[in-house]
Amino acid sequence: AVWMHLAPAERDEAFRSLLALLRPGGVLAVTLRLGKPDAEREMYPVSVEELQGLAEAHGAQLAHSGTAADALGRPGVSWGEVLVRIPA
């Protein structure tokens, strides 16, 4: 869960670098912290839709997306679960 700490201008290159680590047919799992940013740390808004757009732009596809409650019970915080698959 570090994606929210990357500035939006850095994400395209970071996503490309992550996909380059995968073999054909490989899957990238990303957890997104959704909700109000933590005021004590530099954080930026994130979304499943953003990752889907990046996947499509780089020839990959969204294989799964879902959400989960915050394990620490913080109000207004949930987690996006994303799997991106590159073609085999």
Side-chain angles (χ1 to χ4, degrees):
V2 298
W3 195 252
M4 71 275 196
H5 297 294
L6 291 175
E10 300 173 318
R11 291 180 182 169
D12 185 71
E13 182 179 345
F15 195 81
R16 186 175 345 108
S17 295
L18 290 171
L19 290 182
L21 297 171
L22 300 176
R23 291 182 177 173
V27 176
L28 171 67
V30 180
T31 305
L32 301 171
R33 183 188 187 278
L34 306 172
K36 185 177 177 183
D38 184 343
E40 297 178 13
R41 298 183 292 166
E42 187 170 1
M43 295 172 66
Y44 302 93
V46 296
S47 70
V48 171
E49 294 79 16
E50 175 194 25
L51 285 183
Q52 182 175 8
L54 286 169
E56 291 171 1
H58 293 283
Q61 62 183 343
L62 193 67
H64 169 80
S65 68
T67 58
D70 183 55
L72 299 177
R74 291 172 287 192
V77 175
S78 61
W79 295 86
E81 301 164 344
V82 178
L83 295 179
V84 174
R85 183 181 310 278
I86 59 171

So H58 and F15, would you call those rings parallel, tilted or perpendicular, with 30° and 60° as cut-offs?
tilted
Smallest separation among heavy atoms of L34 and V46, with atom names:
CD2-O, 3.8 Å
From H5 atom NE2 to R33 atom CZ, the distance as rounded to the nearest 0.5 Å:
8.0 Å
Nearest-0.5 Å distance that lies between atom CE in M43 and atom CG in L6
11.5 Å
To which residues is V2 joined in a hydrophobic cluster, defined by side-chain heavy-atom contacts under 4.5 Å among Ile, Leu, Val, Met, Phe, Trp and Tyr, whether direct or through other members?
none
Sequence neighbours left out, cut at 3.5 Å: what donor-acceptor pairs do the side chains of residues 77-88 make with other protein atoms?
unit_1	atom_1	unit_2	atom_2	d
W79	NE1	D70	OD1	2.7
R85	NH1	G25	O	3.4

Considering only heavy atoms from C-beta outward, does the side chain of V27 approach that of L22 to under 4.5 Å?
no
Determine all donor-acceptor pairs shorter than 3.5 Å in which one atom belongs to a side chain in residues 59-67; sequence neighbours excluded.
none

To the nearest 0.5 Å, atom CD of E13 lies from atom CG of L54 at 12.5 Å
Non-hydrogen atoms of W3 and A14 that approach each other most closely:
CZ3-CB, 4.1 Å
